[in-house]
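Single-structure report; data block below.
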Protein chains: 2
Amino acid sequence: MGEATQTISDLIQSKLDDLTRAERQLALSVLQNYPASGLGTLTALAQNAGVSVPTVARMVQKLGYKGYPEFQAALREELKAQVKTPIAKHETWAEAAPSEHILNRFTDAVIENIRLTLSQIDPDAFDQACRLIGDESRHLYIVGGRITHTLAEYLFMHMQVIRPNLTHVQTTSNTWPHYLLNVQEGDVFVIFDVRRYENNTLKLAEIADKRGAKIVLFTDQWRSPVHQLAHICLSNRIVVPSAWDSAATIMLLVETMISAIQSLNWETTKERVENLEDMFDQTKLFRKFT
Amino acid sequence: MGEATQTISDLIQSKLDDLTRAERQLALSVLQNYPASGLGTLTALAQNAGVSVPTVARMVQKLGYKGYPEFQAALREELKAQVKTPIAKHETWAEAAPSEHILNRFTDAVIENIRLTLSQIDPDAFDQACRLIGDESRHLYIVGGRITHTLAEYLFMHMQVIRPNLTHVQTTSNTWPHYLLNVQEGDVFVIFDVRRYENNTLKLAEIADKRGAKIVLFTDQWRSPVHQLAHICLSNRIVVPSAWDSAATIMLLVETMISAIQSLNWETTKERVENLEDMFDQTKLFRKFT
DNA sequence: ATCGCTTTGTGATAAATTTTTCACAACTGT
DNA sequence: ACAGTTGTGAAAAATTTATCACAAAGCGAT
């Protein structure tokens with residue numbers, strides 16, 4: 001298996017450690033839009049990556065080329081060679097791995113799950129769920145089960161920044177009846193329940209429903225029994241080549257929802273989010289935007 | 001949905017009849033090595049096609065471009081668009097929603113993240129990581145930070161079923177120096193660290209490294225400083241149209257890894273999974289799945 | 001906080017390359 | 001022979017690249 005061909009993309013990645021911050025920023029920009037961005041002018045590339053012209057010149061030489069034109073020529077050669085080789089490549093995600101590799105099989109399955117899930121989702125229901133969950137006048141309960149509690153926690157963590165007045169409930173814990181004493185009509189429950197569905201979760205949902213709370217349910221394609229009580233039900237495809245189910249699609253929906261709610265509540269969230277961005281600045285990885 | 005996207009290749013072919021002999025020869029040469037040959041200098045292209053410089057200039061203008069640079073720019077644009085996976089392009093994910101809806105925009109971004117992440121991953125490194133993490137003779141430590149602890153927990157939960165001899169460490173907790181007393185040479189640390197990177201995590205990694213443990217790092221495209229100590233580094237794209245970063249791609253990799261390790265260890269895992277299911281049945285935590 | 005050290009951007013400039021265009025001669029096919 | 005096409009060589013214009021010195025900013029270590 002003498003795969004001795006090193007692409008320029010590989011070269012850049014291997015040298016990533018020897019590069020300085022601005023150069024790394026540039027390198028990542030080249031990879032982001034590979035190889036098209038490297039085929040324009042030096043000046044355009046610099047602008048596109050948000051670095052100065054000398055930085056580009058310096059990096060190209062660090063990579064071992066005599067000058068930018070030589071670097072470009074190498075890119076073109078690679079592009080020329082790439083088109084010649086059989087097509088089989090474009091079908092795979094991890095190009096360096098055969099298509100039967102688990103990386104490619106698993107990713108295929110997840111992408112297909114995403115496609116199916118999204119194609120069956122009702123955007124109006126989704127928007128409505130966002131409005132409910134973002135409504136600060138309603139107390140928000142987030143409920144996860146044995147496996148799904150990580151998703152619940154992820155949502156909880158972010159919602160905590162966006163709005164006050166929320167509670168994280170684990171159905172596996174025995175403290176949850178406690179929380180329910182305060183549930184009021186109009187409160188919102190976000191419940192995660194995928195197979196195998198949990199009895200505790202169903203019980204909790206029943207109590208919440210009885211008290212007049214609205215339920216937003218994240219479940220799988222077979223739908224947890226909770227869905228009969230749910231005001232909005234978001235069902236996800238979760239089957240992958242594994243002994244377990246995939247939470248990746250649900251994660252995608254959760255993150256999308258976080259982003260949507262954050263936009264809805266922007267006026268009130270703004271300050272909290274800006275604090276967060278200050279924290280990003282401290283990484284010093286990024287140039288300050290002015 | 002009358003997509004009238006005409007590639008430059010199409011354009012050239014359609015104008016083929018209006019071109020003169022030398023121009024046609026040139027055009028065919030461009031198509032022969034498309035699009036690489038069009039991305040060099042005008043002179044090079046002329047030489048390559050065996051025509052004169054003015055012929056190139058004349059044809060480019062006949063095709064409707066103001067000059068050669070404009071023609072080149074168009075080619076680059078096309079290349080840029082082409083690289084995007086067919087599945088990621090021109091497809092609306094939530095068909096019932098407009099393409100500007102957050103559901104579609106966010107999913108686009110995540111798919112693109114997956115594509116870029118997978119294309120840059122080294123499958124050998126991945127496989128090696130799986131073998132390390134699945135090796136029951138090494139104690140396994142799983143480490144997450146403020147945001148990433150949910151991912152760490154997700155991995156931990158599954159690994160708990162697959163193999164014994166593992167520990168979940170939260171860097172935000174102050175109990176972690178405790179765990180480190182027992183670390184031995186050859187033990188394995190799986191560390192999650194995305195921006196902003198946490199000092200605690202780095203310190204922990206340094207201690208682990210000093211004690212001779214191997215580190216598998218899940219990080220973002222800018223790579224946590226831990227990567228200098230890491231035996232294997234898996235970097236993910238995480239940028240989405242949101243105030244926060246996306247963990248979906250990392251989740252995908254984690255799940256893929258779980259699936260791969262479970263296959264490696266299937267003989268020993270089998271029993272453990274069955275035992276676990278028995279236990280759940282007995283506690284009647286779950287309803288039977290039909 | 002302060003001090004060195006490295007990195008980075010700026011603006012300018014010179015060098016190199018590339019593009020564009022020209023007039024004219026040579027060539028082509030009819 | 002004629003009309004249209006093509007190549008030549010040149011030169012001007014435009015663009016691009018490479019570099020420089022210096023100042024500003026960032027970083028790490030006290």
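As a basis for the values below, the full set of heavy atoms in this structure was taken, side chains included, without hydrogen atoms, waters or symmetry mates. Within every chain, numbering begins at 1; the chains are lettered A, B, ... in the order of the sequence lines, protein sequences first and strands thereafter.
In this structure, the CD atom of A/Q47 is 14 Å from the C1' atom of C/dT10, given to the nearest Å. Between A/R21 atom CZ and C/dC5 atom P the separation is 21 Å, expressed in whole Å. Nucleotide C/dT7 holds its P atom 12 Å from the CG atom of A/D18, rounded to whole Å. With rounding to whole Å, A/R24 atom CZ is found 11 Å from C/dT7 atom P. Computed from coordinates, the B/L26 CG to D/dT6 P distance equals 10 Å when rounded to whole Å. C/dT6 atom P lies 18 Å from atom CG of A/L19, rounded to whole Å.
B/Y141 and B/F189 have parallel rings, their planes meeting at less than 30° on a 0 to 90° scale where 60° marks the start of perpendicular.
Not counting sequence neighbours, the partners of B/F192 by the ring pair (Phe, Tyr, Trp, His ring centres under 6.0 Å) test are B/F218. Taking B/E153 as the reference, nothing meets the salt bridge (Lys or Arg N to Asp or Glu O under 4.0 Å) condition, with sequence neighbours excluded. Checked against salt bridge (Lys or Arg N to Asp or Glu O under 4.0 Å), A/E77 has the following partners two or more places apart in sequence or in another chain: A/K80.
Across every non-hydrogen atom of A/Q25 and A/A49, the tightest pair is NE2-O, 3.1 Å. B/V143 and B/L204 get closest at one heavy-atom pair: CG2-CD2, 4.0 Å.
At most 12 non-hydrogen atoms from other residues, nucleotides or ligands lie less than 6.0 angstrom from CD of A/Q47.
For the contact set between residues 54-72 of chain B and DNA chain D, defined by any heavy atom under 4.0 Å, the members are B/P54, B/T55, B/R58. Within residues 37-45 of chain A, no residue places a heavy atom under 4.0 Å from DNA chain C.
Here the nucleotide nearest the side chain of B/V53, chosen from C/dT8, D/dG7, C/dT20, is C/dT20.
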Could you give the side-chain donor-acceptor pairs of residues 231-243 of chain B under 3.5 Å, partners two or more places apart or in another chain?
from	atom 1	to	atom 2	distance (Å)
B/N236	ND2	B/T219	O	3.1
B/N236	ND2	B/L234	O	3.2
B/R237	NH1	A/Q32	OE1	3.0
B/S242	OG	B/W244	N	3.1

